[in-house]
Amino acid sequence: DRNLWGQLSVLTMNARFAQQPQDLVVVAGQPVTLPCSIPGYHGVVLWIKDGLALGVGRELIGYPRYAVVGDHGSGEHHLRIQRVELTDDAVFECQAIQAAMRSRPARLTVLVPPDDPVIMGGPMVSLRAGDPLNLTCHADNAKPAASIIWIRNGEVLNGATYSKTLLQDGQRENTVSTLYISASNIETGQKIICRASNKAVPNGKETSVTIDIQHLPLVNLSVEPQPVLEGNLVKFHCSAKANPPVTQYKWAKGGSVIKEVSGDTYEVMVDHSFFTEPVSCEVTNPLGSTNISRNVDVYFGPRMAAEPQSLQVDLGSDAVFNCAWTGNPSLTIVWMKRGSGVVLSNENILTLKSVRQEDAGKYVCRAVVPRVGAAEKEVSLTVNGPPTISSTQTHQAPHGEKGQIKCFIRSTPPPDRIAWSWKETVLESGTSGRYTVETVSTEDGVLSTLTMSNIVPADFQTIYNCTAWNSFGSDTEIIRLKEQGGSQGSPGFTFFPLKHGCGRVEVQCFITMKFYIMCWSFCSMTLH
C-alpha cells in the first residue's frame with residue numbers, strides 16, 4: 001500500500017492545469033486544437049467528448065481525425081482535430097485520472113456555410129409580358145441558418161418572404177426566400193442577385209438570374225374533315241406564333257404521347273376513341289408550353305359501355321338489368337325478350353317486377369345508331385321457383401317386352417328429390433323388382449326415366465306419378481302406359497285433368513256407381 005501511494009504521489013506531484021480548453025467556434029473543414037497542459041503530472045490523461053472517453057494514449061483509435069499532440073514530458077496533452085465536421089460540435093473535457101482533476105467544459109461550436117444558393121428557374125427566367133415575377137432562392141445545409149437578401153442594380157429589394165426548415169440532424173437548416181415583383185416594376189434584361197450568408201461566410205455566397213420578358217406560343221389546332229365516319233382519314237394541323245421561336249411540337253391522344261409524330265401536322269385513320277379522347281398539340285418555346293386539344297366528331301356504331309349481366313332471382317322478386325351503349329350520332333336502346341317482338345324498355349335499365357317462372361329466358365339489349373349501325377347483347381334471366389315437369393301423358397310399349405315412361409324436370413334451383421310412385425310403390429332411384437329409375441342431368445334440366453321389364457297387362461291399367469321437389473315447392477305429372485298397337489282408350493273410362501298442390505292430376509274413373517268409390521280412392525291416394 002505504501003508503494004502504491006508513493007507511485008501516485010510521484011504521478012500527481014504538484015499537478016495543476018496550466019492550460020485548459022476554451023469555448024471555440026470553428027468553420028467546418030478547418031483544423032482546431034483544444035489545449036490541455038498539466039505540468040508535473042505523469043499519469044493517464046483522458047479526453048472526454050459529450051461525456052464519453054475518446055481513448056487512452058496519444059493515438060485515439062476509432063477517431064482517425066483526432067490526435068493528442070504536444071510535449072508529453074512537459075505535461076502537454078492538446079487535442080488536435082483535422083478537418084472539423086458537424087459531428088465534432090460537442091462539449092470536450094481534459095481529465096487527469098490519477099490526480100482526479102478535470103478541466104472546465106469547453107464547447108466546440110461548428111459552423112457550416114450554406115450550399116451555393118440556387119434560384120429556381122435560373123439563370124435565365126423568361127416572363128410573359130404583363131405577368132408579375134416570383135423568384136424563389138434556396139440556401140441549404142447551413143449552421144446557423146443562412147440569411148438571404150435580394151439585390152437589383154446595387155440596391156436591396158424589400159418585401160421578400162423568408163422561411164427555414166431544420167434538417168434531421170437537428171443542427172443544419174434549409175432557407176427559402178421568395179421575392180415578388182409586380183409586372184410594372186420589372187424590365188427585360190434586368191439582373192437580380194440572391195445572396196446567402198451566415199457566420200461561416202460573412203461575405204456570403206450569391207447567384208443571379210436575368211429576366212427575359214417573352215410570350216408563350218399562341219396556338220390554333222384545326223381538324224379536317226368533320227364530321228367523319230369511323231375508319232376515314234383526318235388531318236390535324238397545329239399552327240403557332242411564339243417569341244422566342246417554337247422549339248418543339250408534341251402530340252398526344254387521350255393523354256398518351258404520340259411519339260412517332262414531331263411536326264406541326266398529324267394524319268390518322270380515326271376510330272370511335274377519337275370522339276371521347278381528344279387529340280392535343282403542345283407547342284414549346286424557351287418560355288414554356290401551350291397545349292390545345294380537339295375532339296373529332298366521329299360517327300360510329302354502338303359500342304358497349306356497361307355490359308348487362310345475367311340474373312338469377314327468386315320467384316316474385318324484381319329483376320333489374322343495366323345495359324349502356326355509346327354511339328355517335330345519338331343512339332336508341334331497345335329491350336326485348338328473345339322470341340318476342342314486344343319492346344319492354346327504351347332505357348338503359350330494364351326492370352321486371354314480381355317475376356314469374358314464365359319470365360325466365362333470354363333478353364336482348366339492342367342499340368341502333370341511325371344510318372351507322374346496330375349491335376345487341378343477350379342475357380339470361382333464371383327464376384328460382386318450384387320445379388315444372390313436362391311429359392307426354394301417355395307412353396306406348398309392347399306387351400311382354402321392356403317399356404319406358406319419362407318426365408323432364410326444369411328446376412331452379414335443381415331438384416332436391418325426384419320420385420316415381422304407382423299403386424303403393426315409391427321409387428327414387430335404382431331397381432325394385434321389374435322397375436328401374438334412372439335420372440340424367442342435361443343443360444336444360446333433369447330427365448327421369450322409369451323402365452319396366454316384361455310388360456304385363458296390369459301395367460297398362462296403372463297410373464304413374466312423377467314428382468319433383470326443391471326448396472320452393474314441387475310439381476307432379478300423371479303418366480299412363482298404353483299398349484303399343486292397342487285402342488285409344490278402354491270402354492267405361494273417362495279422364496278428368498285436375499289441379500292440386502302437387503301439380504296436374506289425371507283421374508280415371510268408371511262411369512257407374514263405382515265412379516264415386518274409384519275416384520275417391522284414387523284421388524285420396526294421390527293427394528295423400
Inset, instruction - Report yes if some heavy atom in the side chain of Trp325 is under 4.5 Å from a heavy atom in the side chain of Cys365; otherwise report no. - result: yes

Legend entry - Phe275 backbone acceptor or donor facing Asn295 side chain under 3.5 Å: yes

Legend entry - Heavy-atom side-chain contact between Val223 and Val234 under 4.5 Å: yes

Inset, instruction - Check the surroundings of atom NZ in Lys205: do more than 12 heavy atoms from other residues, nucleotides or ligands lie under 6.0 Å from it? - result: yes

Inset, instruction - Could you please spell out the steps behind the side chain to side chain contact (heavy atoms under 4.5 Å, CB included) verdict for Glu378 and Arg338? - result: CA-CA 8 Å; Glu378 182 181 87; Arg338 181 70 79 190; 2.9 Å; yes

Inset, instruction - Kindly give the heavy-atom pair with the smallest separation between Lys49 and Thr87, and that separation in Å. - result: NZ-O, 3.0 Å

Inset, instruction - Compare all side-chain heavy atoms of Ile192 with those of Ser208 and state whether any distance is below 4.5 angstrom. - result: no

Inset, instruction - Please name the residue in the list Ile181, Ile193, Leu179 that meets the side chain to side chain contact (heavy atoms under 4.5 Å, CB included) test with Trp150. - result: Leu179

Legend entry - More than 12 heavy atoms of other groups within 6.0 Å of Glu155 CD: no

Legend entry - Exercise: identify the closest heavy-atom pair between Ala145 and Asn198: O-CB, 4.0 Å

Legend entry - Criterion side-chain hydrogen bond (donor to acceptor under 3.5 Å, both in side chains) on Lys362 and Ser380, from CA distance to verdict: CA-CA 5 Å; Lys362 306 291 186 181; Ser380 298; 2.7 Å; yes

Legend entry - Closest heavy-atom pair and its distance - Pro113, Val27: CD-CG1, 4.1 Å

Legend entry - Separation between CG of Leu108 and CG of Asp89, rounded to the nearest 0.5 Å: 6.5 Å

Inset, instruction - Find out whether Leu315 and Gln357 are in side-chain contact, i.e. whether some heavy atom of one side chain is under 4.5 Å from a heavy atom of the other. - result: yes

Legend entry - Mutual orientation of the aromatic rings belonging to His72 and His77 [parallel < 30°, tilted 30-60°, perpendicular > 60°]: perpendicular

Legend entry - Min side-chain heavy-atom separation Leu86-Val112 under 4.5 Å: yes

Inset, instruction - Take Tyr180 and Thr161 through the test side chain to side chain contact (heavy atoms under 4.5 Å, CB included) and record every step on the way to the result. - result: CA-CA 9 Å; Tyr180 173 86; Thr161 61; over 6 Å; no

Inset, instruction - Measure from the side-chain N and O atoms of Lys199 to the backbone N and O of Pro144, and report whether any donor-acceptor pair falls under 3.5 Å. - result: no

Inset, instruction - With salt bridge (charged side-chain N to carboxylate O under 4.0 Å, His left out) as the test, would you mind laying out the steps for Glu173 and Lys143 before giving the verdict? - result: CA-CA 6 Å; Glu173 294 179 275; Lys143 179 179 178 287; over 6 Å; no

Legend entry - Lys/Arg-Asp/Glu bridge criterion (N-O < 4.0 Å) met for Asp23, Arg107: no

Legend entry - Test item: Asn348 side-chain N/O and Ala324 main-chain N/O as donor-acceptor pair under 3.5 Å: no

Legend entry - Within 45° cone and under 6.0 Å: Lys253 NZ/CZ vs Phe274 ring: yes

Inset, instruction - Look up atom CE in Met336 and atom OG in Ser345, then write down how far apart they are to the nearest 0.5 Å. - result: 12.0 Å

Inset, instruction - Go through the side-chain N and O atoms of Tyr41 and Gln98 and say whether any donor and acceptor fall under 3.5 Å apart. - result: yes

Inset, instruction - Kindly say whether Glu76 contributes a backbone atom to a donor-acceptor pair with the side chain of Ser37 at under 3.5 angstrom? - result: no

Legend entry - Polar side-chain atom of Asn174 near backbone of Asn141 as donor-acceptor pair, under 3.5 Å: yes

Legend entry - is_close_aromatic(Phe321, Trp335), centroid dist under 6.0 Å: yes

Legend entry - Side-chain donor-acceptor pair present, Thr284, Ser289, cut-off under 3.5 Å: yes

Inset, instruction - Would you check if the side chain of Asp50 reaches a backbone N or O of Val91 as a donor-acceptor pair within less than 3.5 Å? - result: yes

Inset, instruction - Could you tell me the separation between the CH2 atom of Trp469 and the CZ atom of Arg417, rounded to the nearest 0.5 Å? - result: 4.0 Å

Legend entry - Residue pair Leu133, Ile211: steps toward the side chain to side chain contact (heavy atoms under 4.5 Å, CB included) verdict: CA-CA 9 Å; Leu133 175 66; Ile211 307 303; 3.6 Å; yes

Legend entry - Over all atoms of both residues, closest heavy-atom pair of Pro31 and Arg80: CB-NH2, 3.6 Å

Inset, instruction - State plainly whether the residues Lys235 and Glu224 are in salt-bridge range, i.e. N to O under 4.0 Å. - result: no

Legend entry - Heavy-atom donor-acceptor pair, Glu230 side chain to Phe300 backbone, under 3.5 Å: no

Legend entry - Donor-acceptor under 3.5 Å (His78 side chain, Cys36 main chain): yes

Inset, instruction - Enter the distance from Ile213:CD1 to Thr188:OG1 here, rounded to the nearest 0.5 Å. - result: 5.5 Å

Inset, instruction - Evaluate the criterion side-chain hydrogen bond (donor to acceptor under 3.5 Å, both in side chains) for residue pair Asn470 and Asp416; output intermediate values, then yes/no. - result: CA-CA 5 Å; Asn470 68 9; Asp416 302 318; over 6 Å; no

Inset, instruction - Would you give the length of the straight line joining atom CD1 of Ile292 to atom SG of Cys281, rounded to the nearest 0.5 angstrom? - result: 8.5 Å

Inset, instruction - Inspect the contact between Asp88 and Arg65 and indicate whether a charged nitrogen and a carboxylate oxygen are less than 4.0 angstrom apart. - result: yes

Inset, instruction - Please step through side chain to side chain contact (heavy atoms under 4.5 Å, CB included) for the pair Val201 and Asn203, ending with a clear verdict. - result: CA-CA 5 Å; Val201 280; Asn203 293 329; over 6 Å; no

Inset, instruction - Side-chain contact test, heavy atoms from C-beta onward, threshold under 4.5 Å: evaluate it for Pro278 versus Arg294 and give yes or no. - result: no

Legend entry - Residue pair Thr326 / Arg303, side-chain donor-acceptor N/O under 3.5 Å: no

Legend entry - Between CG on residue Leu135 and OG1 on residue Thr178, distance to nearest 0.5 Å: 9.0 Å

Inset, instruction - Apply side-chain hydrogen bond (donor to acceptor under 3.5 Å, both in side chains) to Thr442 and Asp444, showing your working. - result: CA-CA 5 Å; Thr442 70; Asp444 297 322; 5.4 Å; no

Legend entry - Nearest heavy atoms of Asp131 and Ala183, plus distance in Å: O-CB, 3.5 Å

Inset, instruction - List the atom of Ile333, the atom of Glu347, and the distance in Å for their closest heavy-atom pair. - result: CG2-O, 3.6 Å

Legend entry - N/O donor-acceptor pair under 3.5 Å between Ser411 side chain and Pro413 backbone: yes

Legend entry - Heavy-atom check, side chain of Thr265 versus side chain of Phe236, under 4.5 Å: no

Legend entry - Side chain Arg58, main chain Gly70, donor-acceptor under 3.5 Å: yes

Inset, instruction - Indicate whether any N or O donor in one side chain lies under 3.5 Å from an N or O acceptor in the other, for Asp297 and Asn328. - result: yes

Inset, instruction - State, yes or no, whether a side-chain contact exists between Phe92 and Pro21 at a heavy-atom distance under 4.5 Å. - result: no

